[in-house]
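Proteins come first, then strands; the chains are lettered A, B, ... in the order of their sequence lines, and each starts at number 1.
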There are 2 protein chains.
Amino acid sequence: MRWEELDQQPCSLARTLSVVGDRWTLLILRDCFLGVRRFETFERRLGITRHVLTDRLKKLVEHDVLCKSPYQERPRREEYRLTEKGLDLHTVILTLVNWGDKHMTDERGAPVKHIHKGCGHAMHPQMVCSECGEPITARDIRVEAGDGWQDTAPLLGSDRS
Amino acid sequence: MRWEELDQQPCSLARTLSVVGDRWTLLILRDCFLGVRRFETFERRLGITRHVLTDRLKKLVEHDVLCKSPYQERPRREEYRLTEKGLDLHTVILTLVNWGDKHMTDERGAPVKHIHKGCGHAMHPQMVCSECGEPITARDIRVEAGDGWQDTAPLLGSDRS
DNA sequence: TTATCGAGTTCCAAAAAAGAACCTACAAAA
DNA sequence: TTTTGTAGGTTCTTTTTTGGAACTCGATAA
């Protein structure tokens, strides 16, 4: 499967990964959430090559995750800001960071703290059921075909292969 | 920055991406959560080349996200199962799927439903603060340096560049 | 005996990324 | 007026990663 085919799949994960599923894109978005907006700042902070940065920013703008707006004319300078669609990726990043905090930190502990402005505490994300509010773990969820299901194969055979 | 340098960064996102930050790994894990365990099943369902599949499975085992265990001897056959560390990635996948359901579905709607066994309803993940239980959006969080912070640069300059 | 199966490995061509140099439009300084 | 600087790229070459197909190995089935 090629990159271009990924967003054709009847799978929300595949479609999401067609936008953010590479090494650089989520790091760029991390910096967006930290307030970075300019090409040169991304480049310096990430150590990314200009070529790849240009490509990823363009893709993110095409997918309406970022928008480009001029912050000065003559000479025109653009900056990149998160759209609402982009802001919705915050939970994704928070979840990835949370896993890293739990499983990939060294003895020094988590590099950054997330402060919930509402209650003022350092928090970690907790996932709950939208319907009953109970905390969710992998074992609490069962998957069923939804309206957009299109595959001929069953979701999973009983052979657990 | 190279792949190998990614896990050296003082950033939980970068460290997490050093494990799951490529096109295939999260799709493999999606199938793991659907119950797939065998090399040949991954290959057939994903349309991944054997070479890349071998490589990704090996990496996931090295990182203790999957474990390999024989399901028969003579000839030896191995299967791949999620470890506890791997099961913890369920929230990551659920969050990615949720974003895709909201922003990337066509008119047919979400391909799969997630049923919460506890309450029996089709749910979507809701993120709440671990401390006060309130729902979280991007605008509710402020980032501060934590114990593992090591960068000389400030988290963000006031210029919002 | 030949075929099949699961789980790979090997080999080669194609695509993507890294790294560095170059370009452009404008502005300010010398 | 020439030089220097800057933001935001583009071009070029080399290295790394993929894709695709064929081959291996041990064992069982026809």
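Between A:D64 and A:K85, none of the side-chain N atoms (NZ, or NE/NH1/NH2) sits under 4.0 Å from a carboxylate O, so this pair counts as no salt bridge. Using a 4.0 Å cut-off between charged side-chain N and carboxylate O, B:R15 and A:D106 make a salt bridge. Look at B:E84 and A:R139 and you find a salt bridge, because one of the NZ, NE, NH1 or NH2 atoms lies within 4.0 Å of a carboxylate O, short of that distance.
Checking the phosphate oxygens (OP1, OP2) of C:dG6, no side-chain nitrogen or oxygen of B:Y80 falls inside 4.0 Å. Within the 4.0 Å cut-off from OP1 or OP2 of D:dT10, not a single side-chain nitrogen or oxygen of A:K58 is found. A sub-4.0 Å separation between OP1 or OP2 of D:dG19 and a side-chain N or O of B:R23 is present. At least one side-chain nitrogen or oxygen of A:K68 sits closer than 4.0 Å to the OP1 or OP2 atom of D:dG9. Between A:W24 and C:dA16 there is no side-chain N or O to OP1 or OP2 distance below 4.0 Å. Between B:Y71 and C:dA7, a side-chain N or O to OP1/OP2 separation shorter than 4.0 Å is present.
No hydrogens or angles were tested; on distance alone, a donor-acceptor pair under 3.5 Å links the side chain of B:R50 to the base of C:dA7.
Atom NE2 in B:H51 sits about 11 Å away from atom C1' in C:dG8, given to the nearest Å. Taking atom CD on B:Q72 and atom C1' on D:dA27, their separation rounds to 9 Å, with Å as the unit. Atom C1' of nucleotide C:dG8 and atom CD of B:E40 are separated by 12 Å, given to the nearest angstrom. What separates CD of B:E43 from P of D:dG20 is a distance of 12 Å, to the nearest Å. For A:E78 and C:dA25, the CD to C1' distance is 14 Å, given to the nearest whole Å. Between B:L57 atom CG and C:dG8 atom C1' the separation is 11 Å, expressed in whole Å. In this entry the distance linking CG of B:L66 with P of C:dA7 reads 14 Å, nearest Å. Atom CD1 in A:I48 sits about 7 Å away from atom P in C:dA18, given to the nearest Å.
Distances were taken from every side-chain heavy atom of B:R56 (C-beta onward) to each of D:dG8, C:dG19, D:dT18; the shortest belongs to D:dT18. The nucleotide whose nearest atom lies closest to any side-chain atom of A:V52 is, among D:dG19, C:dG8, C:dA18, C:dA18.
With values rounded to the nearest 0.5 angstrom, A:L89 atom CG is found 7.5 Å from A:L26 atom CG.
By the neighbour-count criterion of 12 heavy atoms within 6.0 Å, atom NZ of B:K58 is sparsely surrounded, having that number or fewer from other residues, nucleotides or ligands.
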